[in-house]
Number of protein chains: 2
Amino acid sequence: MPLFSQLTESEQATIESIVHRHHYQAGETIFAAGDPMDALMIVASGQVKVFQLAANGKEQLLYLLTTGDFDGETALFSQANHNSFAQALMPTQICQINRPEFQRLMQKYPTISLNLLNEFGKRLTDLEKRTTKTATTSVESRLADYLVETAAQFESQNFKLPLKKKDLATYLGTTPETISRKLAELEQRGIITQTGSKQIQINDESALELL
Amino acid sequence: MPLFSQLTESEQATIESIVHRHHYQAGETIFAAGDPMDALMIVASGQVKVFQLAANGKEQLLYLLTTGDFDGETALFSQANHNSFAQALMPTQICQINRPEFQRLMQKYPTISLNLLNEFGKRLTDLEKRTTKTATTSVESRLADYLVETAAQFESQNFKLPLKKKDLATYLGTTPETISRKLAELEQRGIITQTGSKQIQINDESALELL
DNA sequence: CGTCTAATTGAAGCTGATCAACGGCAGTGG
DNA sequence: CCACTGCCGTTGATCAGCTTCAATTAGACG
């Protein structure tokens, strides 16, 4: 729980008692756009995708949350509704803290708001970068970029995509067909190899980087 | 100064004494990507554009700051470098507060960090929405959306674009040529009228909204 | 008044979306 | 254990929206 990492064990235990736990199966919706947003959601285990739906029905993947990630902070201060959807991608444990209780925590432990500010900052920086990439570069280079970043996360040149290609497409602002084609093209050029389904082997990282 | 709005007058006066003032002319660079980020920047008067440059040289406009807006918060906690550029679009007054002094302020007046959190939240929500729009809808509908929002800000159906079309293009993730064409098309359809340069008259707001 | 940048307009080309059909894999139920 | 049924992913063909390049005009500012 990075949010509470600076607290002592007994303090963290107090938080345990405040938290409400929920379990979701793969495919289940955790919240939908329009739902009142009155709690902070922390992913205890599993994987959650957070996305928006455009008026034309197209999906945009915003965040992929895994253990320790959280969401729903935006309106922990002012009342508001969700503007995105959250869906479990696998069996997932969620902890929730209500707004009033979270506000009390923040007052008691100011370090929490600092952690929050840091997390917000990271997210902003990340989104700014993604916005720029999506608007100014080709699908090919966005995909290349994603592969490099993902390899860095896994600390391995051989990894399994943590996402369905369908979702990866909406993350990169494109379609599954295009992803499929571009990956095939990269493989043909010898830059990557697709072993199993979703399993990717990077052969020439520098080539990827200069796309 | 929305950041300090909850403080008393004398407290705000104290802040006055901490602040470093700078003046920039139209076109001047306030900071560039790679510069060390060690101060919070507040726009006292004027207009500032914050943008990123992609590897291919293309520009992406992220924020347009006017009086009272601020930037540079992302690294008020951890040392880091700017990843964007800021440029004055007209004669502009800037107030700066160094990291250590700002941190002291935050400790003394916790309301400031709440204000910061709120502002971060707004920015995140806004960016998420923009990312979705850019990735999932046509230039036409993004432009229509922008016109509606801008009219709402000015509280008038007849307003002057606060931006050069060139910059508007990078804001909407397209090119000046396309903006020009789309505006001409909207005018031909009778939905808007372009009176002076940059002066826009909305004739049929509902038509814009359903694009 | 002259210069420089912004904006417009035209023509051409390309990237990527869309539509449709097929193959494959996984989970389900008999 | 096998067959059935969806969904995911792939591949092909077509098409449109937008970018790009180039040339011209308009506008801003000293």
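Excluded from the calculations below are hydrogen atoms, water molecules and symmetry mates; all remaining heavy atoms, backbone and side chain alike, are included. Everything numeric in this text was worked out from a predicted model, so none of it was measured. Throughout, protein chains are lettered first and strands after them, A, B, ... in sequence-line order, and every chain is numbered starting at 1.
- At the phosphate of dA6(C), neither OP1 nor OP2 sits under 4.0 Å from any side-chain N or O atom of Lys165(B).
- In this structure, Ser197(A) reaches neither bases nor backbone, as no heavy-atom distance under 4.0 Å exists between it and the strands shown.
- The CG atom of Leu172(A) sits 9.0 Å away from the CD atom of Gln60(A) when rounded to the nearest 0.5 Å.
- Nucleotides of DNA chain C nearest to Gly173(A) and Lys164(B) differ in position, and the one nearer the 5' end is that of Lys164(B).
- One finds no side-chain N or O of Thr174(A) lying less than 4.0 angstrom from the OP1 or OP2 phosphate oxygen of dG16(C).
- With salt bridges taken as basic N to acidic carboxylate O contacts below 4.0 Å, none links Glu187(B) and Lys182(B).
- In this structure, Lys182(A) reaches the dG16(C) phosphate: one of its side-chain N or O atoms is under 4.0 Å from OP1 or OP2.
- Remark: the Arg181(A) side chain and the dT18(C) base include a donor-acceptor N/O pair separated by less than 3.5 Å.
- Look at Lys166(B) and you won't find any side-chain N or O under 4.0 angstrom from OP1 or OP2 of dG27(D).
- Salt-bridge formation is detected for the pair Arg189(A)/Glu140(A): a Lys NZ or Arg NE/NH1/NH2 atom is positioned less than 4.0 Å from an Asp or Glu carboxylate oxygen.
- Taking 3.5 Å as the limit, the base of dC8(D) and the side chain of Glu177(A) contain no donor-acceptor pair of atoms between them.
- The shortest distance between the side-chain N/O atoms of Ser180(B) and the OP1/OP2 oxygens of dA7(C) is not below 4.0 Å.
- Note on Arg181(B) versus Glu177(B): no salt bridge recorded, every NZ/NE/NH1/NH2 to OD/OE distance being 4.0 Å or above.
- Of the candidate nucleotides dT8(C), dT11(D), dC18(D), dT11(D) has the atom nearest to the side chain of Ala184(A).
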